[in-house]
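Working notes, structure below.
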Amino acid sequence: MPAVEELLSQLNPQQREAVTFGDGPLLIIAGAGSGKTRVLTYRIAYLLWRGVRAEHVLALTFTNKAAEEMRERLFGLVEPERARQLWMGTFHSIFARILRLEAPRLGYTPDYTIYDTEDSTGLLRTLLRQMGIGNHVLDPAAARHQISHLKNRMCSWQEFAASARTPRERILAELYRAYEEQLRANNAMDFDDLLLNTIRLFQAHPDVLARYQERFRYIFVDEYQDTNRAQYVALQLLAARYRNLCVVGDDAQSIYRWRGADIRNILDFQRDYPDATLIRLEQNYRSTQRILAAADALIRHNQQQIPKRLWTANPEGELIRLLICADERDEAAQVLHYIQRELDSGTPAGAIAVLYRTNAQSQPLEEALRRARIPYVLVGGISFYQRKEIKDALAYLRLLLNPADMVSWLRVINEPPRGIGAATLEQLRQAMHQHNLSFLEVLEHADTLLTGIRRSARENLQALAALIRRYREALHSSAVPLDLLVLEYLEATGLLALYRQDEQEQERYMNLERLIATLSEYVQSSPAPSLREYLQQVALMSESELVPDSADAVTLMTLHAAKGLEFSVVFITGLEQGLLPLARATESREELEEERRLLYVGMTRARERLYLSYAQHRWRWGESILCRPSDFLQELPPELLEPIPSPTAAPGVPFQSALRASATEGMEEDGLYPGARVRHPVFGVGTVEALSGSGENRRAVVRFPHVGRKLLLLRYARLQLLHR
DNA sequence: GACCTGCTGATTTTT
DNA sequence: TCAGCAGGTC
């Protein structure tokens, strides 16, 4: 193990101060690339050297991957045995772990199921149907988002019901109530419950809280700017006794407001802890001077921020290249061209990333890379664990642990087909309530309880129930390794056979094989493998964790997914008004500032070279629309940019005029563009989202704050263009 | 109850 | 453009 002095000598004065800081609340404002992870790891190692016991340390990170990385680094600093004892992970996974241990106190079993977004939405859809409310009245996905938002802000259904005024709010309140009731009946929690139930546990059981306060005497929180209200409250509770709360973050990198993150948590830390010490890490070790200067110039346009001055001793570096492209295919071609050049000059593929605002933008880029046979990894998109066949298999597995989970039952009851439709399900539901039986019990007694359905269906249901029972027992008693047992079980459900036989479904079949393979990997790498732990890991896995660390592949991902990472060469694509910033974000200052922070995060990922690009046209909803360069481009100092029009882009014009010219070139006389603010005589002020057609058929999709999205024929709707 | 077809809405970002 | 869903038919 390295000597303490040696490690401290590698740090700058501010970093050293943070690492060696004594007890009490500590706020570290860590600018992009300022060695945040290093400081966190060293500080934990420093505490351990000072004699703090590993089990007294809790480190909360934003992704499980970040936690793994930190643990890896710690292995080099302290004895692996001690590093392993640390509790390190996301809020969600750490709290899920606490809840497993304490579940009975809350009326749950330790085998409770964790519902992901899709599960929750599905449950809400079922409930709405039962309430006799159509999807057009209240969209299940929108309702899920709103309920999640309420839960993040710790607003219970009772509180919400009391304040509900409009009919829509009253329906939502009733849905919220039914949803909570059903979650409990299903022995299930959604993502938000993992936080809320932990808080409830602590508040209702002071003895339990005291136990965890004693245990976690030193608490670290990474990416503190992206914590929400519930996380904030949980931290207040946990840290109340020892007050050794060390939070690290950068308000300039807060990009999860839409998910309930509350930037006030970091802005108000010193108000919450008046005796808190503030340390600023302002030296950037990552980027060139030019990249940093451009990023800094951009972020200065935000009003809401903690004052700081990032600087670097790194070389000046090259100009930021701005690729002006004709459309998204041309953009992909240009990006490909420069990737090729990077590779030719010796940059490893793994040091290159292409970033974009929305997942949909990855397609043309993927195609270009595929054709050029350049290896790439795609982060996010439709995740492996979201695929239908995988979710079905996981639902079968969840039922082994938690047969109360109705969402999983409904997923698998007719997959493979067992002759069960809506009518049979309704009978099942009635039998459950009438005889006060569990779903599994009703299935087992299908022959006497479900007389109204076909005999074959009844037999199928009883066979399914027997299967679940048998493997439930096998799971607890069997000496067969978990992965083999699961393989046998999935075979017995008929799910594997369903896809194996069908030529068209080979991909699904292979995905299921891959699932078993990941389970085998888990079984072999874990000291005490359990289905419970495996399912939890899968449920709380973030997108970025699925991607194998590949040194020789270009990374494609959203700007959000890039948080916390760094690359030698970064491309940020689609810098167009309406895309970055997104059209709907231009309506409020807060949202616009978050879009700006998002671009800031992207730019500061780059070590040596940064490429920005925009397209003059882009396909959207099956039509090519005209795009205007992002306003953010004008916020970057022109002397740091080198505009490069592609050969197929509209005629080359100098950059500054390019920004303005391309806004009008080829454009209809109305001067509208996606992202433009317009006034409608009836609907009021709105934002243009898309344009199509010309002349008589010129149409615009406009989003109005209260009315929603409208398709307007401009011949009739006399829109007035508002200038900012 | 299964299958087919036509329609609609999606493109925000994710633990 | 396309996937997923609702509604209708067999």
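Here the structure is a predicted model, which means the values were calculated and not measured. Here is how names work: the chains are called A, B, and so on, in the same order as the sequence lines, proteins then strands, and each is numbered from 1.
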Legend entry - Under 3.5 Å donor-acceptor pair, A:Arg357 side-chain atoms to B:dT11 base atoms: no

Legend entry - Phosphate OP1/OP2 of B:dT15 contacted by A:Asn152 side-chain N/O (<4.0 Å): no

Inset, instruction - Return the value, rounded to whole Å, for the distance between atom CD of A:Glu118 and atom C1' of C:dG4. - result: 12 Å

Inset, instruction - Could you state the atom-to-atom distance from CG of A:Leu559 to P of B:dT14 in whole Å? - result: 10 Å

Inset, instruction - Decide yes or no on side chain to side chain contact (heavy atoms under 4.5 Å, CB included) for A:Leu195 and A:Tyr232, but give the supporting numbers first. - result: CA-CA 10 Å; A:Leu195 308 178; A:Tyr232 170 87; over 6 Å; no

Legend entry - Polar side-chain contact A:Thr117-B:dT15 base: donor and acceptor under 3.5 Å: yes

Legend entry - For A:Ala562, all residues meeting side-chain contact (heavy atoms from CB on, under 4.5 Å), sequence neighbours excluded: A:Leu355, A:Met557, A:Arg605

Inset, instruction - Only counting residues at least two apart or in another chain, list the ones meeting side-chain contact (heavy atoms from CB on, under 4.5 Å) with A:Gln427. - result: A:Leu450, A:Ile453

Inset, instruction - Give the rounded distance in Å between these two atoms: CD of A:Gln253 and C1' of B:dT13. - result: 16 Å

Inset, instruction - Nearest whole angstrom, please: distance from the C1' of B:dT13 to the CZ of A:Arg144. - result: 12 Å

Legend entry - Selection from C:dA6, B:dT12, B:dT14 that lies nearest to any side-chain heavy atom of A:Thr358: B:dT12

Inset, instruction - Take the protein atom CD of A:Glu595 and the nucleotide atom P of B:dT13, then report the distance between them rounded to whole Å. - result: 11 Å

Inset, instruction - Take the protein atom CD of A:Gln363 and the nucleotide atom C1' of C:dT1, then report the distance between them rounded to whole Å. - result: 10 Å

Inset, instruction - Anything under 30° is parallel, anything over 60° is perpendicular, the rest tilted; go ahead and classify A:Phe202 against A:Phe95. - result: perpendicular

Inset, instruction - Output yes if the stacking criterion (under 5.5 Å between centres, under 30° between planes) is met for A:Phe91 over the base of B:dT15, else no. - result: no

Legend entry - Basic-acidic side-chain contact under 4.0 Å: A:Arg589, A:Glu593: yes

Legend entry - Under 3.5 Å side-chain donor-acceptor pair for A:Glu180 and A:Tyr176: no

Inset, instruction - Give a yes/no on whether any side-chain N or O of A:Thr558 is located under 4.0 angstrom from OP1 or OP2 of B:dT14. - result: yes

Inset, instruction - Let me know the distance between CG of A:Asp262 and P of B:dT15, rounded to the nearest Å. - result: 20 Å

List every contact pair, protein side and nucleotides 1-4 of chain B side both N or O, where the distance is under 3.5 Å.
from	atom 1	to	atom 2	distance (Å)
B:dG1	OP1	A:Gly421	N	2.7
B:dG1	OP1	A:Thr424	OG1	2.7
B:dG1	OP2	A:Ala423	N	3.3
B:dA2	OP1	A:Asn414	ND2	3.4
B:dA2	OP2	A:Asn414	ND2	3.4

Inset, instruction - With DNA chain B as reference, determine whether A:Leu582 or A:Ala539 sits nearer its 5' end, using the nearest nucleotide of each. - result: A:Leu582

Inset, instruction - Record whether the side chain of A:Trp258 comes under 3.5 Å of the base of B:dT13 through a donor-acceptor pair of N or O atoms. - result: yes

Legend entry - Separation of the P atoms in C:dG4 and B:dT13, to the nearest angstrom: 16 Å

Inset, instruction - Whole angstrom is fine here: how far is it from CD in A:Gln361 over to P in B:dT13? - result: 9 Å

Inset, instruction - Evaluate the criterion side-chain hydrogen bond (donor to acceptor under 3.5 Å, both in side chains) for residue pair A:Glu102 and A:Tyr212; output intermediate values, then yes/no. - result: CA-CA 11 Å; A:Glu102 316 290 342; A:Tyr212 284 97; 2.7 Å; yes

